[in-house]
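Take a look at the structure below.
Order of listing sets the numbers, starting from 1, for every ligand and every atom in it. None of these values were measured; they are calculated from a predicted model.
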Amino acid sequence: MKQREYDIAVIPGDGTGPEVIAEGRKVLEAVCGKYPLKLIFRQFSLGAEHYKKTGEILPESVLESIKKCDAIYLGAIGDPDVPPGKLEKGVLLKLRFQLDQYINLRPIKLYPGVESPLKHKGPDEIDFVVVRENTEGLYAGAGGILRHGTPHEVAIQESISTRRGVERCIRYAFEYCRCRNRAKKLTLCGKTNVLTYTFDLWERTFKEVAQAYPDIETDYAHIDALCMWMIKNPERFDVIVTENMFGDIITDLGAMLQGGIGMAAGANISPEGISMFEPIGGSAPKYTGQNIVNPIGAILAARLMLETLGESQAAQLIEKGVMKVLRDDLKSTEAGKMGYSTSEVGDLIVEFIQGYRE
Ligand code: IPM
Ligand code: MN
């Protein structure tokens, strides 16, 4: 059988990013041993340390090299010593925008064995996916400050939504919902009662695109009410589609439903180009170097990467490993309380994968 090869750009990044990415790589290498699959990892040092040393954020030449890879595996970007926004905008958002990764796909799934933060709601009730628009909205960076530092200072930050940007995101969400084949229900999350321009465009586009998907039930919720439903009745959701900022906020809330920020993974998808996979937990500077954070978000990001590359079998094996360890081994999913170190959690999953027989 012919071996399938992929070049993976690895950006371990800041804080605990390198620690969790190391575990993800171990797990990826283990699944490669099981299938005719080869991953060639190309490491790029971007983030706070590199910036402090060289003043470089994301040089053009590095971007060009990354563009030659098949996917990007990213740890975390952000450091308390660097002014907020500098690296986030300069690395993470620049990659999302330059590579036109217009979908941010974030599964919210409570696995068996993980303590539910919600009374009476377990793995059957907490299993949905957020499709977050990833290149527009408030993140477009439109606006500015006038009369900076004076009593008459004015700050303007505008939200941009384009018909093309909204439509391609909504279309992706319908397709995804169809393939996921669960409740076949797509919820649009907006704020049509106040943000009457932005969500008028979203709602009209949603209704138009829906015509082509008679098999998908459609639903709508305002962002504030949706936060309430996520806690009260999370089983209401199958796939949620929303704009960038709302998607950012509800996926942190969603991470809590999964057992904590260390459990959550996201895929920045460019359906026609190069996609980027990351744990959504951030760089967690206070835990850096202690080998205590939960690497499962990073490992599930590796799963999303294989899935998106079309390697579903290998992706499923990673998920099986994660499920086994959550069910049988981990005492908690919280940093420092797992009963195992970061690297031991990776080892347990690797062990399961190596011993796995179809
Ligand atoms: C995320 C993060 C980023 C975002 C930050 C770090 C720029 O919070 O991926 O959710 O806001 O998109
Ligand atoms: Mn976020």
(request) Could you check Y111 against E319 for side-chain hydrogen bond (donor to acceptor under 3.5 Å, both in side chains), going step by step and ending with a plain yes or no? (result) CA-CA 10 Å; Y111 285 103; E319 191 178 34; 2.6 Å; yes

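Under 4.0 Å from any atom of ligand 1, one finds heavy atoms of residues E88, L92, R96, R106, R132, Y139, D248.
Side-chain N/O atoms of E133 and T135 include a donor and acceptor closer than 3.5 Å. Between the side chains of E23 and T342, not a single donor N or O lies within less than 3.5 Å of an accepting N or O.
Salt-bridge check for D70 with R4: failed, with every basic side-chain N at 4.0 Å or more from each acidic carboxylate O.
Other residues sharing a hydrophobic cluster with L146 under the 4.5 Å side-chain heavy-atom criterion for ILVMFWY residues are V154, I156.
Ring centroid separation for the pair F174 and F206 comes in under the 6.0 Å cut-off.
Looking only at N/O/S atoms, D248 comes nearest to the Mn ion (ligand 2) through OD1.
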